[in-house]
Amino acid sequence: MGRVYGEPAEVQAREDGRPTGFAWRGRRYAVSAVQEHWLVNRAWWRESAPLPARPELEFWRVEASTGKGAPAGSYELRRDIAAGTWTLRRIAD
Amino acid sequence: MPAPQFTHLHVASSYSLRYGTATPAVLAARAADLGMPALALTDRDGLYGAFKHVQACADAGIKPLLGVDLLVSSGGATPRNPPLSRGEGPSPHTASVARAGPIAETAIVSGPPAGTEARGSAGTEARGSAGTGTGVAQPGFSGRVTLLATGRQGWGSLCRLVSAAHAATEGDDGPAVTLELIAEHAAGLVVLLGPASDVGVAVAARHPDLARRALDRWRHLVPDVAVEVVDHLEHKSTIRAARLAELARDAGIPAVLSNAVRYLDPAGSLAAQVLDAARHLVPLGSPRLVPHNGRAYLASPADMAATAARVAAAMTGPGTASAALGLLAETDELARRCVLDPAYDLGVGTHHLPETEGTAYDQHKELRDRCEHAILHGRYRTASAGSRPRGVSRRKAAQQARDRLEHELDIIAKTGMAAYFLTVADVADRIKDAGIRCAIRGSGAGSFVNHLLGISAIDPLEHDLLMERFLSPVRATLPDIDLDVESARRLDAYRIIFDRYGAERTACVCMMETYRARSAIRDVAAAMSLPPDEIGAIAKAFPHIRAKQITAALTELPELRRSRLNDAQLATLFGIAQQLDGLPRHVAMHPCGVLLSDRSLLNRTAVQRSGEGFPLSQLDKDDAEIAGVIKLDVLGVRMQSAMAHTLTEIQRTESKQVDIDAIARDDQATYAMIQRSETIGCFQIESPGQRELVKKLAPRDIADLIVDISLFRPGPVNSDMIGPFLRTRHGLAEPRYPHEDLAAALRETGGVVVFHEQVLRIIDVLTGCGLAEADLVRRHLSKEGGPERTAPWFRAQALARGFDLVTVERVWQVVAAFGGFGFCKAHAAAFAIPVYQSAWLKRHHPAAFYAGVLTHDPGMYPKRVIIADARLSGVQVLPVDVNASSADWTTVALQDDASGTEAAFPPPPHSPLQPERPDTPAATEAAFPPHSPLQPARSDTPAANDPGTGRPRPGRSPARRLLESTGPLRFPGRSHLPGGHSARPVAPPRTPRPVPPEGPPDGTARVHRAGKYPVPAASPQAIRCSLREVKGISDAEIARIVAGQPYASLRDFWNRARVSRPVAEHLVLIGAFDSLYDPRPRHAPNVRAAPRSPAPPAPTPPPPVPTPPAPRPTRRDLLARVGVLARQSSSAQAEAPVLDLFAGAGAEAGDGMADLVPAGQLRELDLAERVAAELEVLGFDVSQHVMSFYAELLAGLAVVSSAELPGRESGAAILVAGAKVATQTPAVRSGQRIIFASLDDAAGLVDLAFFESVQDRCAARLFGSWLLLVRGRVRRAGAGPMAVTVNGYECWDIPALEEIRVAGGMDAVRAAMAAGDVGPGAHQGLQDQPPTAARPGQAAAPAVPAAPSDPAIPVAFANGFILSPYAETGGPGGNLKTPPRNLWHASPGSTDTPN
């Protein structure tokens, strides 16, 4: 299942939201393929802040590596659509 | 590149109950905006939205497709159908085998696929999801499929399949079909197997072999199958969609793309999520719900093309390069096949009347024959001298009748409606033959044919009513004949119709109950896991308004503004609740509509079973019109039941058969009573406003009653039509007509336009268009923009006919202003008959009338008002007596006033064997004479002396409280009976009504009498309270009590009537056993003659021997004895009932309980306790008026009684007080929200008005309190002495003031009143609201993502009439001070039914 991180990440993405690369713990990763892409509403009913129009979380599982020759890994990135923030959720083994 | 054409084939609208969130209209409009050529509606479980969709598509200019989304049963769960799995070898015949059967649907999907955090879901959503691959795992079910209709045959199959699905499912489960059932109805249907089908589920579970077998089975049984590919961008959904598409490709069947739509926009997913939770009764976040995102929306062709590309990209194997285009092309092709033609396929635009014998020619001839026969030999009464207009000869009358008949027959022939008239006449005859009262309502009373057929009691020639208002060849709509029947026998009338026409031609009309503010808040709050008591408090704080108005109401309604509900925490809740506004949540049987069709009915509508067991069409009344199916409205009207009961009671006690439908309609004594506005309890004319109007109008005949009913409408009232009318009527002004040619049309109303019929005549006179055309114009005028569009035509026509410009403009102003809301005279005429009949009964048989009204509760007032009116009319109200009361209120003749002895009557229908009891002393002892709150209490009644402190604990019976506490009882809620400080309550003055001599009232002569009417000595003068009024009593208990009458003792009653302990206690508390223990010598009831209960377990006690007076047990003693009996019964439960060894020793000793609880051991209830008990058990005070307990307080404040009110000067500031019996917030001219309230102060009613300017400080207390003290100014609306109201501007809660008086005296009361802080609105009120509601410091957050709250814009009409958006909405609930039962209510309602 891999390891779960849930740490903020800095992500470059295309206009349609598809990530092209990201920076995490000081290293830059290039995305070579999207393996999975899905959306889930977050638990908006538990939040006391005003509700955003789209309380969706967008998940991208991508194949990425730190550069040519480096081994490719499977990384799960999550974007909060309302806030525009990215999180590195987990890394597959 | 332009996106390719796309049609959505799988769309759920809001008619997928608690699933879809968008209306058909919104969906069709969006589809058209998106450039789509067509749109399907495939609601879940029913076709409720089908004709709305057809209409919406027509409006949007696109083509409709229709289908349904159904749950598929795998066979075991619905035993009425053969199990699934034909073609798979031997059929497994039990559920358990089915589950492990060849396909093993449930096994594969019973757990969520591993490793998906977004899953964890399959459980409950089994019957729920149409999303991609979301689990379908409820045992016994194997997924959902979508079926689309092709052509007329397909639509018929669809209707029959949905009906079969409902018929095959029992209980509360939604409908489900087996595969076989689908196969049976497959002609013209296309089956879409999507991700929620067994095929899709198998694919999602990565069982391609099982998926293939499931698919093969479908293809084997159903000719037309396609795979439906959906990708909602859920976890793994894309790859599953790709695999499903591959499966179709490999199997060689079409794969189409859909979005399984359930809302319009992504933002709609929140409401959908809440609906899922509400449907499954689990909180949001429950692992049993599927995760949501916002993707099940009505996506654009471009979005769908992107989805197709994404799915194609995930496919492997041959042909993937063209897969995206292939999906879209197949979708388009199927859409073209499934487009329906409304006229040809659905039968829109043609009528489907019931077949009768013979051809249309024969039907028409039969109709003519029957009508002519009626004129010559039958029921047509105008030809007889009595009802013929003066100066019209018999011959002329007959000629007029024949002319009118020819005219109507001509219209009927042109519209082809002869069969309809014959059918309705047949139905009405059969209903009447069954002894059910039946009267016409509505425009049908304008038809002479209806009168001649006996459908209508009104002669349209006598009242100048028009056929054209009802039916004309130029109108496309079907005519409506509405029948009013007794509410209590409405379902009997339905059975008669179904028995006659059969379920293949008849079905009830359905109606959707929709979300409103309270229900929406409840469901959203529950989904958000708020505690139940907080949910209740929030929801009850809202009046019954539409959910859309929640946010606006929060800021605009004074009583909510003070409630601190504007909390950021609640913003989300309210935002979602507003989105649920108007969504259907429950299918119900329309209260009156019955469809009558030919034998094709079941090909035009799906039918399910109503809760009452009737076939229920999935068409609502608007759909029926579109579908061309005739609807007959059979309304239950409580007044008809009340009158039926009245007639029964007259027959029983006076041995007189009154034919109320044959009485002369010119009884001056009846009109005199109406003119005195003594009309409480009468049909339609009992409200404060109507009492004021009849006083001013002084009706003298039926025609006046027709005008009265028509004038009492928001339009006329607020357009100041009444003033001019009254002035000309009373000869104070000459009638003025816009033009002399209009005099004939307007003479009857003094030049004022009151009736639709007059509008028709005016238009006809001015334009010469004919009455039929004029009715079309009138209908058009009431539509938005109608007057503007009509004006040019009207002016041109009228000028062309030679009217001058000034006249044309003047008349046009009148037509434009009043055309929209005049009143149909035929409707008013139909209503005038029961108005007159009820008034006649009240005037001539008052006791029986009150018994009828109290039994069937037809009016707007709580029973306490009717009871007070009965007393004011000289009718005694006798309390519940276990030996004398029956299921309904009954009349009792007191043989002679001095002894108060009851006369012997045949028993009421429910107690067939009641023996004669010549001198049962019940009446004198137990009757509470009307005006004697000072009646000495029973000899053993000590005055209450100990001031109470304890408040009643909620949820405990009053009986237990009484036994545990000897202190005075408090009223329910916080009310407080001031027992200790005034040894005897002082009653407000309560004089009987002054009665002017009958005839035209001159307003001067006053005669005081015991009652209003000279009641014949032999006529019943008292009514007996029914057992049904007792709180908590069941019908079975009532039946046993009545069957077992009479009873010799409490023990005898306990053994034979076998009521629950609380009911026995309630009966004791209200004195229902007092007559059994009366100390005076008497003849005991002849119990030997009464082996009543069908199989009484106890032996009938031997006749008691008269004994010398013994100390009689108090009600507290009896209460204690009930406890003893209950304990004895429970200890001897399994044994035979204890033999009553003491039964032979007289009434008291016969109880056999004197040793256990000796008589007189416990203190008797004092008066205050009796009243409190009555309020709690019966809901009204019998022994004494509740206000009498506050006499000292009210006297100290110089409160004015309702009897003194007419003597007060206009404008004087006064205090009034009473128990609130009605609140109304009707539409008024200014657009203000005015709260009208009525207080019962023991002397009569005080009518109050609260204007908007004072509602800030008054509204909360006004709605929240029951006993009110009000300061206001006297307003005299007209000349009559009755027309006095009080404009309130301050109000207080009386029990709260009384507490202050007890503690600090009158000075403290005055100080508190001056400070304005007395009452629930100030002290307590909404403090009971949940803590979340009171979180200061948090700014109110905007309700996102709510639809913008509808601003509460007043609705303005052309004539300056403005309607407050909160008009007709009641106050908020949570009336903590209201006694527990239906003491007062805010809804008018003489019928059961919203029409």
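Throughout, protein chains are lettered first and strands after them, A, B, ... in sequence-line order, and every chain is numbered starting at 1.
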**Student:** Can you give me the closest heavy-atom contact between B:Gly294 and A:Asn41, atom names plus distance?
**Tutor:**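 What the structure gives for the nearest pair is N-OD1, 4.1 Å.
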
**Student:** So for B:Val274, is it side chain, backbone, both, or neither that comes closer than 4.5 Å to the heavy atoms of chain A?
**Tutor:**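 Answer is side chain: those atoms of B:Val274 sit under 4.5 Å from chain A.
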
**Student:** What heavy-atom pair brings B:Leu270 and A:Pro55 nearest, and what distance separates the two atoms?
**Tutor:**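 Taking every non-hydrogen atom into account, CD2-CG, 3.5 Å.
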
**Student:** If only atom types and distance count, is the side chain of B:Asn293 paired as donor or acceptor with the main-chain N or O of A:Leu39 below 3.5 Å?
**Tutor:**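 A pair under 3.5 Å: yes.
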
**Student:** Applying salt bridge (Lys or Arg N to Asp or Glu O under 4.0 Å), can you list everything that pairs with B:Arg310, at least two apart in sequence or on another chain?
**Tutor:**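 Result, salt bridge (Lys or Arg N to Asp or Glu O under 4.0 Å) vs B:Arg310: B:Asp231.
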
**Student:** For A:Arg61, is it the side chain, the backbone, both, or neither that has a heavy atom closer than 4.5 Å to a heavy atom of chain B?
**Tutor:**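 Neither part; nothing is under 4.5 Å.
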
**Student:** Please step through side chain to side chain contact (heavy atoms under 4.5 Å, CB included) for the pair A:His37 and B:Leu233, ending with a clear verdict.
**Tutor:** CA-CA 7 Å; A:His37 172 213; B:Leu233 269 180; 3.7 Å; yes

**Student:** Have B:Gln273 and A:Trp44 got a donor and an acceptor in their side chains that come within less than 3.5 Å?
**Tutor:**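 Yes.
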
**Student:** Quick check for you: to the nearest 0.5 Å, what is the distance between B:Leu284 atom CG and A:Trp45 atom CH2?
**Tutor:**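 Going from the CG atom of B:Leu284 to the CH2 atom of A:Trp45 covers 5.0 Å.
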
**Student:** Would you find a donor on one side and an acceptor on the other, under 3.5 Å apart, between the side chain of A:Glu36 and the backbone of B:His235?
**Tutor:**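 A pair under 3.5 Å: no.
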
**Student:** Would you find more than 12 non-hydrogen atoms of other residues, nucleotides or ligands less than 6.0 Å from A:Arg27 atom CZ?
**Tutor:**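 No.
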
**Student:** For A:Glu63, what residues pass the side chain to side chain donor-acceptor pair (under 3.5 Å) criterion, not counting sequence neighbours?
**Tutor:**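 Testing A:Glu63 for side chain to side chain donor-acceptor pair (under 3.5 Å), a comparison that skips the adjacent residues, returns A:Ser32.
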
**Student:** Answer yes or no: are there more than 12 heavy-atom neighbours, outside A:Glu10 itself, under 6.0 Å from its atom CD?
**Tutor:**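 Open: at most 12 neighbouring heavy atoms sit under 6.0 Å from CD of A:Glu10.
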
